[in-house]
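Everything on this sheet refers to the single structure shown next.
In what follows, chains are A, B, ... by sequence order, proteins preceding strands, each numbered from 1.
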Protein chains: 2
Amino acid sequence: MSAETTGETARKRSRSGSTSTPSGSRSAQKQRTREELLNAALNLMDTGRGFSSLSLREVTREAGVVPAAFYRHFSDLDELGLALVEACGLTLRRLLREARRQGLPPTQMLRSSVLIYKNYVKAHHRYFRFAASARGGGSPSIRKAIRNEESHFAHEMAQDMRNLDLMPRLPMAALEMICSLVVTTMMNAATDILDLPEGQRQAEKEMTENFVMQLRLIFLGARAWRPPA
Amino acid sequence: MSAETTGETARKRSRSGSTSTPSGSRSAQKQRTREELLNAALNLMDTGRGFSSLSLREVTREAGVVPAAFYRHFSDLDELGLALVEACGLTLRRLLREARRQGLPPTQMLRSSVLIYKNYVKAHHRYFRFAASARGGGSPSIRKAIRNEESHFAHEMAQDMRNLDLMPRLPMAALEMICSLVVTTMMNAATDILDLPEGQRQAEKEMTENFVMQLRLIFLGARAWRPPA
DNA sequence: CGATTGAGTGAACAAGTGTTCACTATAGTG
DNA sequence: CACTATAGTGAACACTTGTTCACTCAATCG
């Protein structure tokens with residue numbers, strides 16, 4: 001169970017109410033509602049709806065706030081979307097950081113990386129769902145932001161591989177290209193993971209196995225790679 | 001310039017009007033408006049909007065038809081979406097069929113395949129735009145339909161490679177897995193192609209080159225592939 | 001030929017939308 | 001302490017939305 005899923009829907013921010021004290025410095029409270037708006041959007045998407053089908057009023061309703069309050073935080077749903085992209089970027093970077101800290105498992109490293117990733121996606125499903133839905137569907141600016149975040153992620157991944165002296169023979173450009181392929185494959189796998197039917201352990205196994213094989217294929221290719229003339 | 005882009009927006013289907021005769025058997029006319037609805041949806045997405053942000057009324061307006069008429073053809077925007085998915089499937093299969101008829105270019109076959117694909121995507125940009133936007137963003141049923149179409153495409157591609165005796169050493173299962181990776185890479189490249197900034201020939205060159213390298217990497221991996229124990 | 005069918009119409013509906021505005025009441029300020 | 005700045009309110013606005021319904025009128029059929 002992820003730490004950021006509250007489960008219960010935010011409601012009743014009674015101004016003078018005895019319950020749920022506003023409690024906290026002015027700007028802290030402001031940031032809190034801001035996050036509640038972001039959370040509201042993620043919650044609404046959690047039933048499978050795409051980001052671009054959300055309405056401003058829905059979001060504020062889910063966040064337990066009056067529509068006009070929205071404008072104190074974002075001028076637009078688009079702007080909220082961009083904030084979500086940033087949050088997704090943070091989530092991705094955390095994944096990389098954890099992988100770095102943990103080091104490579106000695107054997108079966110591909111398979112175990114995949115399992116770790118699978119769990120990570122499930123734990124942060126709301127972010128990945130958003131990313132998947134806005135990657136192709138959102139407004140141009142959001143799409144661009146996501147693309148940016150992905151290439152940034154790929155770049156960091158390439159750096160890590162360079163630092164770890166994996167594939168030392170390959171020039172940096174090749175590493176980048178390989179990692180960008182890995183990243184798009186990961187993103188694609190993420191949507192597969194999210195859409196897994198609930199009880200089907202067999203389907204999950206197959207999907208995982210396929211993902212492992214695709215990565216293995218890529219790294220086999222990397223081993224055989226010869227920089228183009 | 002693609003054959004199906006009319007350019008001018010459909011308007012004024014005056015019943016008794018002298019212009020634009022309804023001309024034709026009853027059911028032919030019905031099918032014509034049906035296609036006009038599909039076209040209208042594609043047109044609206046052509047400015048970068050996602051499918052899930054379209055409204056029924058917008059679509060009928062663009063098609064030059066009263067909202068109520070929509071229901072004579074689809075019960076839902078979702079159903080229209082599914083029809084679009086089918087159209088996309090046809091478009092993809094046509095690509096494969098053309099490739100089959102043309103045979104493999106003797107040398108540089110990867111690069112020239114990529115160039116052909118790039119032009120194909122541009123020629124049918126409306127379909128690819130829709131596919132990209134609904135792949136992750138649409139309703140669950142549409143997503144599933146697209147996924148289906150993709151795996152069908154991958155399957156046909158694998159069959160073709162088997163028939164052509166490319167990679168004869170590989171078992172069919174491995175071929176399928178490889179092709180599915182190729183297909184997702186192609187789809188991803190399609191969104192890159194669609195979002196290319198207009199004048200930037202340099203960016204286009206880079207993007208193309210990257211695409212070629214990724215495919216080369218995959219096929220290098222395929223050559224080295226050893227079926228898992 | 002006259003009768004039937006059904007694709008497309010136009011008006012109406014209840015509900016939902018984004019945005020604005022004057023407002024309240026409270027945390028932070030001097 | 002009184003004063004100001006501002007996060008959030010609630011009502012109002014002008015639209016747009018999906019769906020329904022009785023309707024028209026031309027292609028089709030007996």
Would you indicate, yes or no, if C/dG8 has its OP1 or OP2 atom less than 4.0 angstrom from a side-chain nitrogen or oxygen of B/T33?
yes
Report yes if a side-chain nitrogen or oxygen of B/Y71 is closer than 4.0 Å to either non-bridging phosphate oxygen (OP1 or OP2) of D/dT19; otherwise report no.
yes
What is the distance from CZ of A/F74 to P of C/dT19, rounded to the nearest Å?
14 Å
Residue met sooner reading DNA chain D from 5', once A/R57 and B/L56 are mapped to nucleotides:
A/R57
Between atom CZ in B/R61 and atom P in D/dC15, what is the gap in whole Å?
14 Å
When you match A/P67 and A/K30 each to their closest nucleotide on DNA chain D, which lands nearer the 5' end?
A/K30
Expressed in angstrom and rounded to an integer, what is the separation of A/R26 atom CZ from D/dT6 atom C1'?
5 Å
Between B/S55 and B/E58, is there a donor-acceptor pair closer than 3.5 Å when you use the side chain of the first and the backbone of the second?
yes
Is a donor from one side chain sitting under 3.5 angstrom from an acceptor on the other, for B/Q214 and A/T184?
no
Report which part of the nucleic acid A/F70 touches: base, sugar-phosphate, or nothing (heavy-atom distance under 4.0 Å, all strands).
nothing
In whole Å, I'd like the distance from the CD atom of B/Q29 to the C1' atom of D/dC25.
14 Å
Using whole Å, what does the distance between atom C1' of nucleotide D/dT24 and atom CZ of B/R72 come to?
12 Å
Side-chain heavy atoms of B/L44 within contact of B/F51, under 4.5 Å:
no
Only one of A/H155, A/E149, A/E156, A/E150 passes side-chain hydrogen bond (donor to acceptor under 3.5 Å, both in side chains) with A/H152; say which it is.
A/E156
I need the CG-P distance between A/L37 and D/dA7, as an integer number of Å.
13 Å
When you compare the side chains of B/R32 and B/Q29, does any donor N or O come within less than 3.5 Å of an acceptor on the partner?
yes
How close or far is atom P of D/dT6 from atom CZ of A/R34, stated in whole angstroms?
17 Å
A/A68 vs A/L54, nearer the 5' end of DNA chain C by closest nucleotide:
A/L54
Can you measure B/E62 atom CD to D/dT17 atom C1' for me and round it to whole angstrom units?
18 Å
Can you find a side chain N or O atom of B/R32 that sits less than 4.0 Å from OP1 or OP2 on C/dG8?
no
Candidates C/dT9, D/dT28, D/dG10 - which lies nearest the side chain of B/S25
D/dT28
If you compare every side-chain N and O of A/S55 against the phosphate oxygens of C/dT17 (OP1, OP2), does one of them come in below 4.0 Å?
yes
